[in-house]
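Okay, structure first, notes after.
Each residue takes its place number in the sequence, starting with 1.
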Amino acid sequence: MSQMTKRALVASLKELLEEKPLEKITVTDLTDRCGVNRMTFYYHFKDIYDLVEWACIESATRALAGQKTYDTWQQGFLQILQAVQKDKAFITSVYHSIGREHIENYLYRVTYDLMIGVVEEKAAGMTVRPEDKEFIADFYKYAFVGLTLEWVRGGMKQDPAALVDRVSTLIHGDITKSLNTCRIDK
């Protein structure tokens, strides 16, 4: 029941975003549209931005399921972009509102999750300090999120698969090269 209520609130938020900007939407607007009381909303979320973040994370979790290896990171990144594109109206509305940082935080979180999985896999059998692995994952996280935000800012016109192919071509083999540079067991 809890997940259904959360999803109903997200659906109501998406409908309301077609009518007005995020900063003009109130909890009362959401609960009236959804048919639940305000306390139900606050049981699940601290505010509307918390709901936005939950909606983004929920979407990303589905998009990344099982795609956190070196051989599948491209598919994981593509699925993130496709999830963003599928919710284009929602993402664009939130991105252009004062809630933009929630979109950025969501992208940073899911992209880091994707990249640390790849870095950990490629580091198998190497002795690399955890902070170096985190730095490598962070580097790629910032590059991927920067590209994604520019793609969103540009109206998501470029084919997501073409974007992923370009990124893949640029970084092919670089994660392993970075890890080898940071090895302390050489």
Side-chain angles (χ1 to χ4, degrees), residues 10 14 17 22 49 52-186:
V10 169
K14 289 179 180 182
L17 281 169
L22 182 64
Y49 297 108
V52 167
E53 205 163 314
W54 183 86
C56 292
I57 291 166
E58 185 73 8
S59 176
T61 300
R62 285 191 305 273
L64 277 180
Q67 306 298 334
K68 298 177 188 174
T69 67
Y70 184 75
D71 292 333
T72 62
W73 76 261
Q74 295 94 337
Q75 187 62 31
F77 188 40
L78 176 60
Q79 287 175 199
I80 290 170
L81 293 176
Q82 288 170 334
V84 167
Q85 194 172 45
K86 180 180 173 214
D87 272 342
K88 183 177 182 175
F90 173 71
I91 296 293
T92 302
S93 294
V94 173
Y95 181 80
H96 291 294
S97 78
I98 56 174
R100 174 182 172 177
E101 72 184 63
H102 293 279
I103 296 295
E104 291 179 8
N105 289 340
Y106 141 71
L107 288 171
Y108 285 133
R109 191 175 312 138
V110 299
T111 304
Y112 180 83
D113 193 33
L114 170 66
M115 294 315 300
I116 196 66
V118 172
V119 168
E120 290 291 353
E121 176 190 341
K122 295 309 281 182
M126 298 180 191
T127 304
V128 179
R129 296 179 318 168
E131 57 267 26
D132 289 333
K133 291 189 272 188
E134 290 168 8
F135 184 81
I136 293 166
D138 275 339
F139 175 83
Y140 287 103
K141 169 187 77 175
Y142 288 116
F144 286 14
V145 170
L147 288 168
T148 302
L149 291 173
E150 189 59 34
W151 178 70
V152 168
R153 208 176 353 267
M156 302 181 209
K157 293 176 184 144
Q158 184 178 9
D159 175 40
L163 181 58
V164 171
D165 284 344
R166 290 183 79 192
V167 170
S168 180
T169 299
L170 283 177
I171 69 166
H172 182 74
D174 285 350
I175 293 171
T176 303
K177 183 179 174 186
S178 296
L179 286 165
N180 276 320
T181 302
C182 295
R183 286 179 84 154
I184 57 175
D185 63 340
K186 295 189 243 182

Is any side-chain heavy atom of [Y] closer than 4.5 Å to one of [X]?
X	Y	result
V119	Y140	no
V10	F90	no
L22	Y49	yes
I80	L107	yes
D174	F139	no

Enter the distance from [X]:[atom1] to [Y]:[atom2] here, rounded to the nearest 0.5 Å.
X	Y	atom1	atom2	value
W151	T148	CH2	OG1	7.5 Å
Q82	D159	CD	CG	8.5 Å
D87	C56	CG	SG	8.0 Å
Q75	Q79	CD	CD	4.5 Å
L78	S168	CG	OG	11.0 Å
L179	M126	CG	CE	5.0 Å

side-chain contact (heavy atoms from CB on, under 4.5 Å) between T176 and N180, worked out: CA-CA 6 Å; T176 303; N180 276 320; 3.7 Å; yes
Looking at every heavy atom in both [X] and [Y], which two are closest together, and how far apart are they?
X	Y	value
M115	A137	CB-O, 4.0 Å
P160	Q85	CG-OE1, 3.3 Å
E104	L149	CG-CD1, 3.7 Å
K88	G155	NZ-O, 2.9 Å
K133	I116	O-CD1, 3.9 Å
Q74	V164	O-CG1, 3.5 Å

Crowding at NZ, K14 (>12 non-hydrogen neighbours, <6.0 Å):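 Yes, the 6.0 Å shell around NZ holds more than 12 heavy atoms from other groups.
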Other residues, nucleotides, ligands: >12 heavy atoms within 6.0 Å of R183 CZ: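 Check passes, neighbour count above 12.
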Under the side chain to side chain contact (heavy atoms under 4.5 Å, CB included) test, residues paired with I184 that sit two or more places apart: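 Result, side chain to side chain contact (heavy atoms under 4.5 Å, CB included) vs I184: T127, R129.
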Check ion pair K141-D138 (N to O, under 4.0 angstrom):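 Yes, charged N to carboxylate O under 4.0 Å.
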Aromatic ring pairing Y142/Y108, orientation class (parallel under 30°, perpendicular over 60°, tilted between):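 Perpendicular.
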Trace of the side-chain contact (heavy atoms from CB on, under 4.5 Å) decision for L147 with E150: CA-CA 5 Å; L147 288 168; E150 189 59 34; 5.8 Å; no
Test log, rule side-chain contact (heavy atoms from CB on, under 4.5 Å), inputs V145 and Y112: CA-CA 9 Å; V145 170; Y112 180 83; over 6 Å; no
